[in-house]
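Worksheet: one structure, shown below.
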Amino acid sequence: MNIQNTLDTEVKKAVLSLFEVELPSVEFQPTRKDFEGDITVVVFPMLRFVKRNPAQIGEQIGQFLVDAVAEVTAFNVVKGFLNIVVSDAYYLDFFNGIRLQENFGFVAQVDSDAVMVEYSSPNTNKPLHLGHIRNNLLGYSVAEILKAAGKKVYKTQIINDRGIHICKSMVAWKRFGNGATPEGTGLKGDKLVGNYYVAFDKAYKEEIAKLVADGVDTKLAEKEAPILQEAQQMLRNWEAGNEDVVALWKKMNGWVYKGFDVTYKNLGVDFDQLYYESDTYLLGKDVVADGLEKGVFYRKDDGSVWIDLTDEGLDEKIVLRSDGTAVYMTQDIGTAIQRVNDYPDIGGMVYTVGNEQDYHFKVLFLILKKLSFSWAGQLHHLSYGMVDLPSGKMKSREGTVVDADDLMVEMTQTAAKISEELGKLEDYSETEKQQLYKMIGLGALKYYILKVDPKKRILFDPEESVDFQGNTGPFIQYTYARIQSILRKAESMEVPMTAVDTNAELHPKEKELLKQLRQFPELIQLAAENFSPALIANYTYDLVKGFNSFYQQVSILGETDEERKSFRVQLSKKVAEVVESAFLLLGIQVPERM
RNA sequence: GGUGGCAUAGCUCAGCUGGAUAGAGCACCUGCCUUCUAAGCAGGCGGUCCUAGGUUCGAAUCCUAGUGCCAUCACCA
């Protein structure tokens with residue numbers, strides 16, 4: 001039984017027998033470092049029921065607990081805080097329980113309902129950048145955390161493969177490309193297509209300037225620039241199914257997908273199911289018709305269809321244009337329904353999309369609720385802040401973006417530089433080294449991004465890059481590698497890996513580590529409830545800090561008492577396992593050496 | 001203007017449903033490698049928790065008002 005539950009009932013019993021009062025609840029917190037004890041009962045809230053001096057109440061409850069609960073060995077009271085000391089035996093017993101447990105903290109799938117997690121969802125007219133990296137890491141990590149918490153998860157993305165922006169790249173390629181291909185140029189497909197998107201913008205601006213110079217009004221020039229007209233015509237042709245246009249569209253998108261695959265693979269993210277906007281953009285219209293009948297929507301005189309959300313403190317929102325075509329919202333309604341049709345066990349969805357779309361998702365969820373879908377209550381917008389540069393916002397068209405591929409290469413190079421200076425891996429082959437550098441470089445990047453609360457905006461300074469010391473991915477990876485080194489030696493020393501004697505006495509650092517390990521399962525649940533990889537990251541950091549302190553203060557393999565040595569080796573192993581598990585949830589790998 | 005988010009040390013960030021003297025890392029300054037990996041450990045320096053009120057035994061945390069930054073309020077996606 002969990003010690004806290006035991007204490008909860010015992011404290012209530014104590015208050016009942018001592019003061020004849022029934023407490024509704026008891027407030028616990030971990031004892032702060034500077035005080036003696038493990039768990040603290042906060043006495044203040046009891047004052048409403050027990051009219052006495054808090055210190056006195058604490059004393060009496062403390063004595064009661066020592067007498068009644070075997071695991072409680074001592075207590076002290078500071079002001080209104082009753083600090084309880086829990087026996088070493090309790091912690092050692094806990095350790096024996098998890099010693100051989102694989103995937104400690106992870107829950108086997110318990111929910112029959114599945115969750116679909118959407119993330120990435122790029123446009124196919126330009127390469128992925130730092131903003132997508134944050135999106136991908138968050139989405140992937142949340143999906144993994146939900147799995148670890150017992151959910152069935154489908155990872156998905158909706159690829160925005162149609163629209164005027166794609167046509168812009170296509171037009172520019174036709175005009176300036178001279179038949180360039182990824183094979184011919186040696187460029188990654190997404191990069192090649194992205195270049196033409198930039199080229200379009202450049203040509204467009206030049207045409208506007210020329211028209212304005214010829215005396216055309218700026219507004220008009222922006223509308224009438226021939227290259228824009230051409231792109232618009234191309235979109236109409238695409239929608240009409242023009243063979244040439246569709247063939248070009250397929251060809252160029254194909255290039256982009258190949259490029260994206262490389263980036264995703266390097267980033268270490270994946271998907272169970274892909275959706276393409278070209279398949280879904282017409283969806284949702286029948287649902288709107290349905291909703292019209294039910295009175296959820298209403299039609300205006302011009303034929304457009306709206307929903308009135310003023311009762312919810314929001315505005316009116318259009319769901320179908322006057323010409324009967326779908327808008328963004330229509331499509332998202334349709335896609336959500338499509339997904340549940342495809343995977344009937346879906347009970348909820350998570351949308352990983354930037355916070356600039358908070359309003360959109362608020363409205364979308366409300367609409368789905370009003371259409372009374374059973375799963376509409378379980379929709380979550382995993383909203384995150386933008387990644388800004390010191391110069392401000394990233395803009396693809398202006399070339400002020402941090403490219404995802406470039407950034408990963410840079411991080412790997414930095415890792416390589418640091419590692420080579422330290423020179424600990426002389427016996428590694430070149431391939432082994434490269435693999436490790438990538439692991440460390442990406443570990444630094446991923447941790448840097450995931451440790452921050454998703455809601456917050458991230459300021460990324462490419463000059464200062466990302467740290468490799470302190471509260472960083474590499475620091476945690478390093479600790480893991482250190483433990484592996486000990487374990488290798490322990491194996492050659494043939495240290496026995498047997499259950500520990502619960503009568504043993506714990507070193508304070510050992511107890512500290514056991515306390516931290518004990519929190520891991522709850523932490524996964526908490527992270528899942530809050531959709532927060534940051535909680536996992538910060539927990540892992542604390543655990544590792546605790547281990548390093550332990551490592552520095554006590555000797556593990558040098559310990560002369562064989563039983564104690566065995567315990568320390570196994571404790572280290574468990575810490576490493578938890579670090580590995582936690583990092584798995586963040587999509588970060590851990591090295592055997594570094 | 002309406003709505004939403006954010007504001008904690010020079011910088012980057014923790015701080016769970018209100019609880020003890022507000023915590024880390026980086027930077028700066030001290031120590032510690034003939035001892036299990038020094039990408040480490042131990043310590044020092046550094047804070048009107050944006051401001052002003054309020055609720056409470058107790059507020060960085062909750063409420064109100066204000067300030068600053070960001071986003072959003074399209075028959076674009």
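Chain A is the first sequence line, chain B the second, and so forth, proteins listed ahead of strands; every chain is numbered from 1.
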When both hydrogen-bonding distances must be under 3.5 Å and the geometry is Watson-Crick or G-U wobble, what is [N] paired with, if anything?
N	answer
B/U67	B/A7
B/C13	B/G23
B/U48	none
B/U56	none
B/C33	none
B/G1	B/C73

Item to complete: Mark this stacking check for A/Y551 against B/G40 as yes or no, applying ring centres under 5.5 Å and ring planes under 30°.
Response: no

For [X], which contact category applies under a 4.0 Å heavy-atom criterion: base, sugar-phosphate, or nothing?
X	value
A/I164	nothing
A/M386	nothing
A/T40	base
A/Q29	base
A/Q477	nothing
A/N530	nothing
A/N125	nothing
A/L47	nothing
A/P45	base
A/Y541	sugar-phosphate
A/A534	nothing
A/F81	base
A/F475	sugar-phosphate
A/V43	nothing

Discussion item. Working note: A/Q484 + A/R593, criterion side chain to side chain contact (heavy atoms under 4.5 Å, CB included); need CA distance, chi angles, decisive distance, verdict.
Written reply: CA-CA 7 Å; A/Q484 295 314 304; A/R593 289 175 55 188; over 6 Å; no

What is the distance from [atom1] of [X] to [atom2] of [N], rounded to the nearest Å?
X	N	atom1	atom2	result
A/L535	B/U17	CG	P	10 Å
A/L366	B/U3	CG	C1'	14 Å
A/N538	B/G23	CG	C1'	11 Å

Item to complete: Could you walk me through whether A/F365 and A/Y351 pass the ring-ring contact (aromatic ring centres under 6.0 Å, His included) test, one step at a time?
Response: CA-CA 11 Å; A/F365 295 168; A/Y351 293 84; 5.8 Å; yes

Is the phosphate of [N] approached by [X] (side-chain N or O, under 4.0 Å from OP1 or OP2)?
X	N	result
A/S549	B/A42	yes
A/R482	B/A38	yes
A/S485	B/U37	yes
A/Y478	B/A39	yes
A/R321	B/A77	yes
A/R48	B/U56	no
A/R457	B/C6	no
A/K424	B/U37	no
A/K456	B/A14	yes
A/K451	B/A24	no
A/K317	B/A74	no

Response to the item:
d(A/D161 CG, A/S278 OG) to nearest 0.5 Å is 3.5 Å

Worksheet entry | Ring centre gap for A/F81 and A/F44 strictly below 6.0 Å | yes

Discussion item. Tell me if the side-chain of A/D315 makes a donor-acceptor pair with the base of B/A74, cut-off 3.5 Å, by modelled atom types.
Written reply: no

Practice prompt. Look at atom CD of A/E421 and say whether more than 12 heavy atoms of other residues, nucleotides or ligands are closer to it than 6.0 Å.
Written response: yes

Item to complete: Check every atom of B/G23, B/G19, B/A38 against the side chain of A/V42 and return the nucleotide holding the closest atom.
Response: B/G19

Item to complete: For B/C13, decide between syn and anti, treating a glycosidic angle within 90° of 0 as syn.
Response: anti

